[in-house]
Amino acid sequence: MRTDLLTDPVDGLDEALDAVDAFDQALVAGLLRPQPAQAAGLAALADAVAGTPLASLVAEAADKAAAGAAGEDHLVALAAARTALMGAAHDALTARVADVTGRPRAERSTPDPGATDADATAADGPGANVLAAARAWLCDLARAGWQGIDHELVAGAAPVVSAMLPDTRLRRQATLLDGFAAELAASCPGATLERVPVRRWADLWTRALLLTLPGAARTPALSTVTGRLLPLGVDVQEHATAVQAQVHAVLEPSDGTAPRLVRAAVSAPKPDTVVGAGLWQLLRPRMSLLGAAGEGRAMELDAMPVTAEGDLVWDDERARAGEPADALATARVILAAATDPVTAPLDRHPARIAVPVLVEGYTAECGDDGTPVFTVAGHRLAVDTDRVPAAGPLTPETVAASGACLGLLRWDAGEFVLQPLAVETTVRKKTVAVHAGAWAGGTTDKLGVRAEKAAADSVTVLRERAGKLLRA
């Protein structure tokens with residue numbers, strides 16, 4: 001791994017992100033009555049895409065927004081420009097990551113121009129009206145700005161989310177809107193906020209707005225894969241209203257082609273009282289792969305659907321448990337030759353970068369903020385232990401005492417960081433592996449058992465209360 005490249009400047013990155021930041025600041029006070037500083041931010045966004053096909057559309061949208069006369073189409077154009085800049089930043093960073101790892105990258109297949117898009121056609125059906133309602137609410141948010149939000153405005157998302165949830169085609173947008181609205185509601189009124197999460201809320205607003213457009217959330221084209229799946233680790237992403245576990249793995253196709261990196265994710269809605277090890281109780285019944293990852297086993301896949309981006313559309317009927325497979329051994333033997341997947345167009349964002357890497361031969365120390373820092377071949381690599389789930393045995397202390405780390409290389413706050421998935425450390429003169437997702441399939445660990453029992457009691461109480469409400 002070329003760790004020296006992780007600290008080298010990336011051409012054009014700062015300029016792209018500066019334009020994004022200027023636009024994001026314009027959203028803080030809202031676009032209903034923009035001030036000169038906001039107009040300058042809008043102009044900076046337009047200037048940044050001046051040499052692209054979006055140029056004239058975004059220039060007009062920026063002028064209209066600066067005058068306080070932005071319509072829905074203008075706000076969509078501004079969101080598209082911001083997404084394009086974030087996509088360019090993502091591409092530059094992933095190119096740097098490819099240089100660091102030296103791994104090959106899959107080529108994106110060209111879609112059949114004669115193919116019809118079923119989802120785009122479906123968008124003209126029953127879902128079109130509710131998507132338009134979601135778009136209108138998001139435009140109202142942009143006009144009010146984060147400092148102008150109040151409970152009445154934020155509550156406008158509730159009927160939209162309720163109308164989306166019964167339609168499985170709109171579940172993705174519904175979950176995003178629901179989580180975004182929950183964050184905004186917890187921060188109302190915006191006028192009293194001491195600190196605004198400017199980048200995060202602009203990210204959520206932009207993505208939510210573009211996903212309301214016809215065809216934007218189309219179902220990706222699928223192929224199938226057969227072969228041996230070797231789990232590397234489990235990444236848990238938790239929100240007050242939802243949780244997702246994503247298993248990163250190497251697939252060895254049975255046809256003898258090169259191994260490839262793939263992912264399989266499972267999500268579930270959750271109440272904010274279910275945390276820690278209780279999360280596994282929501283996720284475990286939905287995907288057998290979590291059990292295999294927790295136990296350190298491979299899985300044999302038979303015609304498992306997969307997208308061009310390497311996301312397995314998991315079906316328990318197409319998988320069976322295989323032989324024991326140590327994640328660190330997999331990383332040492334196969335990871336360097338595995339092909340990295342491509343990224344879907346709307347997913348091109350620096351925050352979405354999560355590339356499995358194996359780091360060895362480092363020295364670990366604590367940084368100024370108390371988090372571990374690895375020094376690899378004379379170069380420092382920050383370690384993000386905040387992303388390590390509480391629902392597992394891996395702790396910052398274990399990471400700091402490790403000699404090998406399998407993790408996800410990410411980009412955060414202007415630098416590359418490593419999120420540990422598993423480490424190798426020494427306990428009583430014996431080398432042992434500690435995995436963040438070790439409790440995914442269940443555990444006999446005393447702390448894990450105690451945490452699971454407490455979570456099970458909470459889930460039982462919530463189910464009983466829900467049952468009483470339904471019977472009332």
Side-chain angles (χ1 to χ4, degrees), residues 1-3 94 97-107 223-235 245-265 288-304 306-312 314 318-343 353-362 376 381 394 402-410 418-425 431-438 440-441:
M1 209 176 97
R2 290 282 310 277
T3 52
T94 51
V97 170
D99 292 338
V100 169
T101 64
R103 289 201 298 260
R105 191 165 188 83
E107 296 292 331
S223 57
T224 59
V225 290
T226 298
R228 185 169 66 149
L229 188 70
L230 302 163
L232 294 171
V234 185
D235 176 27
Q246 190 174 58
V247 181
H248 291 260
V250 175
L251 174 70
E252 290 185 310
S254 59
D255 60 8
T257 53
R260 56 189 288 197
L261 284 166
V262 294
R263 303 172 293 260
S288 60
L289 178 57
L290 289 178
E295 295 168 9
R297 286 189 173 276
M299 294 204 84
E300 301 294 334
L301 307 186
D302 182 16
M304 182 71 74
V306 63
T307 69
E309 292 77 29
D311 291 300
L312 298 171
W314 193 261
R318 299 178 183 272
R320 60 181 176 84
E323 298 296 318
D326 178 75
L328 286 155
T330 297
R332 289 186 173 112
V333 176
I334 304 174
L335 185 56
T339 302
D340 284 324
V342 297
T343 305
I353 295 173
V355 181
V357 294
L358 176 66
V359 184
E360 297 183 281
Y362 54 80
V376 191
L381 176 61
L394 188 59
S402 66
C405 180
L406 171 59
L408 299 175
L409 190 62
R410 293 185 177 274
L418 183 68
Q419 174 194 341
L421 295 177
V423 301
E424 219 171 51
T425 188
T431 300
V432 298
V434 183
H435 298 262

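Just the heavy atoms: all of them, side chains too, but no hydrogens, waters or symmetry mates, feed the values below.
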How many angstroms lie between [atom1] in [X] and [atom2] in [Y], if you round to the nearest 0.5 Å?
{"X": "M299", "Y": "R320", "atom1": "CE", "atom2": "CZ", "answer": "9.5 Å"}
{"X": "E424", "Y": "T431", "atom1": "CD", "atom2": "OG1", "answer": "6.0 Å"}
{"X": "E252", "Y": "I334", "atom1": "CD", "atom2": "CD1", "answer": "4.0 Å"}
{"X": "R103", "Y": "R260", "atom1": "CZ", "atom2": "CZ", "answer": "14.0 Å"}
{"X": "L290", "Y": "Q246", "atom1": "CG", "atom2": "CD", "answer": "11.5 Å"}
{"X": "L328", "Y": "L358", "atom1": "CG", "atom2": "CG", "answer": "6.5 Å"}

If you look at every heavy atom in [X] and [Y], which pair is closest and at what distance?
{"X": "T339", "Y": "A258", "value": "OG1-CB, 4.4 Å"}
{"X": "R297", "Y": "G322", "value": "NH1-O, 2.9 Å"}
{"X": "E309", "Y": "T343", "value": "CG-C, 3.9 Å"}
{"X": "A331", "Y": "L232", "value": "N-CD2, 4.4 Å"}
{"X": "A338", "Y": "P104", "value": "O-CD, 3.9 Å"}
{"X": "L230", "Y": "A325", "value": "CD2-CB, 3.8 Å"}

Mind checking whether [X] and [Y] have side chains closer than 4.5 Å, heavy atoms only?
{"X": "L261", "Y": "V250", "value": "yes"}
{"X": "L312", "Y": "L301", "value": "yes"}
{"X": "W314", "Y": "L289", "value": "yes"}
{"X": "V262", "Y": "V225", "value": "no"}
{"X": "P356", "Y": "R263", "value": "no"}
{"X": "L406", "Y": "T330", "value": "no"}

Any donor-acceptor N/O pair, [X] side chain to [Y] backbone, under 3.5 Å:
{"X": "S402", "Y": "T425", "answer": "no"}
{"X": "R410", "Y": "A354", "answer": "no"}
{"X": "T226", "Y": "S254", "answer": "no"}

Test side chain to side chain contact (heavy atoms under 4.5 Å, CB included) on D340 and T101; report intermediate values, then the result.
CA-CA 10 Å; D340 284 324; T101 64; 4.3 Å; yes

Determine, step by step, whether L409 and I353 satisfy the side chain to side chain contact (heavy atoms under 4.5 Å, CB included) criterion, reporting the C-alpha distance in whole Å, the side-chain angles of both residues, the deciding distance to 0.1 Å, and the verdict.
CA-CA 7 Å; L409 190 62; I353 295 173; 5.9 Å; no

For D302, is there an ion pair with R318 - N to carboxylate O distance below 4.0 angstrom?
no

